[in-house]
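Take a look at the structure set out below.
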Amino acid sequence: MGFKCYFCDTRDRVGYWSNWCEDCANLRRMLLLYDPKKCTDILKRTLMRDDKQIDFKINQEKKKIVLNELPTIKEDETNDNESDSEYTNKRKTRSKKI
């Protein structure tokens with residue numbers, strides 16, 4: 001169509017007589033149905049981060065990087081095979097006591 005949305009100014013409007021694209025029209029309806037203060041509180045709570053949340057996320061990412069850089073420990077296969085065979089040969093159910 002060529003006519004841009006008045007709100008986002010990126011997408012085309014739904015129709016010639018409409019002022020908004022489909023997504024912005026839905027946002028407008030939500031603001032009209034619900035209290036605008038309530039809508040902005042929900043958006044702030046879900047989409048924005050405060051300093052404490054940002055610091056926590058940075059620390060989590062640092063931990064991931066450190067854990068990925070640690071070398072892996074290879075286990076000795078000779079000793080494990082003996083203990084594994086003993087475990088698999090044992091009965092897997094409980095025995096009945098007489």
For residues 30-48, the side-chain hydrogen bond (donor to acceptor under 3.5 Å, both in side chains) pairs (sequence neighbours left out) are none
Residues passing the side chain to side chain donor-acceptor pair (under 3.5 Å) test with Asn26, sequence neighbours excluded, are Arg29
Heavy atoms of Cys5 and Cys21 approach each other most closely as SG-N, 3.4 Å
- Can Trp17 be reached from Phe3 by stepping across I, L, V, M, F, W or Y side chains whose heavy atoms are under 4.5 Å apart? yes
Here the gap from Met30 atom CE to Ile42 atom CD1, rounded to the nearest 0.5 Å, amounts to 10.0 Å
Salt bridge (charged side-chain N to carboxylate O under 4.0 Å, His left out) pairs touching residues 48-59, sequence neighbours excluded, are Lys57-Glu61
Across all chains, not counting sequence neighbours, the side-chain contact (heavy atoms from CB on, under 4.5 Å) partners of Lys62 are Ile58, Asn59
So salt bridge (charged side-chain N to carboxylate O under 4.0 Å, His left out) across residues 2-11, not counting sequence neighbours, yields Lys4-Asp12, Arg11-Asp23
For Tyr6, the side-chain contact (heavy atoms from CB on, under 4.5 Å) test, sequence neighbours excluded, returns Arg13, Asn19
Could you tell me if the side chain of Pro36 sits less than 4.5 Å from the side chain of Cys39, heavy atoms only? no
